[in-house]
Amino acid sequence: QVQLVESGGGAAQAGASLKLSCAVVGNTLGPLALGWFRQAPGKEREFVAAISYTGGTTNYGDAVKGRFTITVDSAKETAHLQMNNLKPADTATYFCGAALYGSGSPSDRAYDDWGQGTNVTVSS
């Protein structure tokens, strides 16, 4: 089990940018895939983006393709989610998940550990 700490959430206007970070703390398991999911009030958890444990594969949800970019700093074991051209529909709590030797799956069932989440609010 690893601890994931998300940061970078906040309030933004439509069209603005935010950058979320997910820091892995206490990893003794091995290389991890990291994924971002979000959940708006009253809605199901939605896949946002993920990166494989090698860093060679990235996947994006249809709602964010072309606007969001996931990267990973392997030395710091931190994943970043650059969110550009934000829309009110991006308002949600964003969660980071980790999967040992993961492929960057868009399914939340592939992830074993989760952070507490960080809130993003986009106003029009």
If I compare all heavy atoms of [X] with all of [Y], which pair ends up nearest, and what's the gap?
| X | Y | value |
| --- | --- | --- |
| Ala50 | Gly104 | CB-O, 3.5 Å |
| Ser124 | Ala14 | CA-CB, 4.2 Å |
| Thr78 | Ser21 | CG2-CB, 4.2 Å |
| Val2 | Ala98 | CG2-CB, 4.1 Å |
| Asn27 | Leu29 | OD1-N, 2.9 Å |

Give the cluster check for [X] versus [Y]: same hydrophobic cluster or not, with ILVMFWY residues linked at side-chain heavy-atom distances below 4.5 Å.
| X | Y | answer |
| --- | --- | --- |
| Leu20 | Phe47 | no |
| Ile51 | Tyr101 | yes |
| Val72 | Val48 | yes |
| Leu100 | Phe95 | no |

| field | Euclidean distance, Tyr111 OH relative to Leu4 CG, rounded to 0.5 Å | value | 11.5 Å
| From Phe37 CZ over to Asp108 CG, what is the distance, rounded to the nearest 0.5 angstrom? |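 Separation between the atoms: 5.5 Å.
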| So Val120 and Thr91, side-chain contact (heavy atoms from CB on, under 4.5 Å) or not? Walk me through it. | CA-CA 5 Å; Val120 172; Thr91 296; 5.8 Å; no
| request: Decide yes or no for Val24 and Leu32: does some side-chain heavy atom of the first lie under 4.5 Å from some side-chain heavy atom of the second? | output: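 The answer is yes, as the side chains (C-beta and beyond) meet within the 4.5 Å cut-off.
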| query | Looking only at side chains, do Thr71 and His80 share a donor and an acceptor under 3.5 Å apart? | reply |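 The answer is no; no qualifying pair exists.
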| field | Side chain Gln1, main chain Asp113, donor-acceptor under 3.5 Å | value | no
| said: Listing request: all disulfide bond (SG atoms under 2.5 Å apart) pairs with a residue in residues 22-124, at least two apart in sequence or in separate chains. | reply: Cys22-Cys96
Which atom pairs, one a donor and one an acceptor, fall under 3.5 Å between side chains of residues 81-89 and the rest of the protein, sequence neighbours left out?
{"unit_1": "Gln82", "atom_1": "NE2", "unit_2": "Asn84", "atom_2": "OD1", "d": "2.9"}
{"unit_1": "Asn84", "atom_1": "OD1", "unit_2": "Ser17", "atom_2": "OG", "d": "2.9"}

| request: Using the side chain to side chain donor-acceptor pair (under 3.5 Å) rule, collect all pairs that involve residues 39-63, keeping only residues at least two apart or in two chains. | output: Arg38-Glu46, Ser52-Thr54, Asp62-Lys65
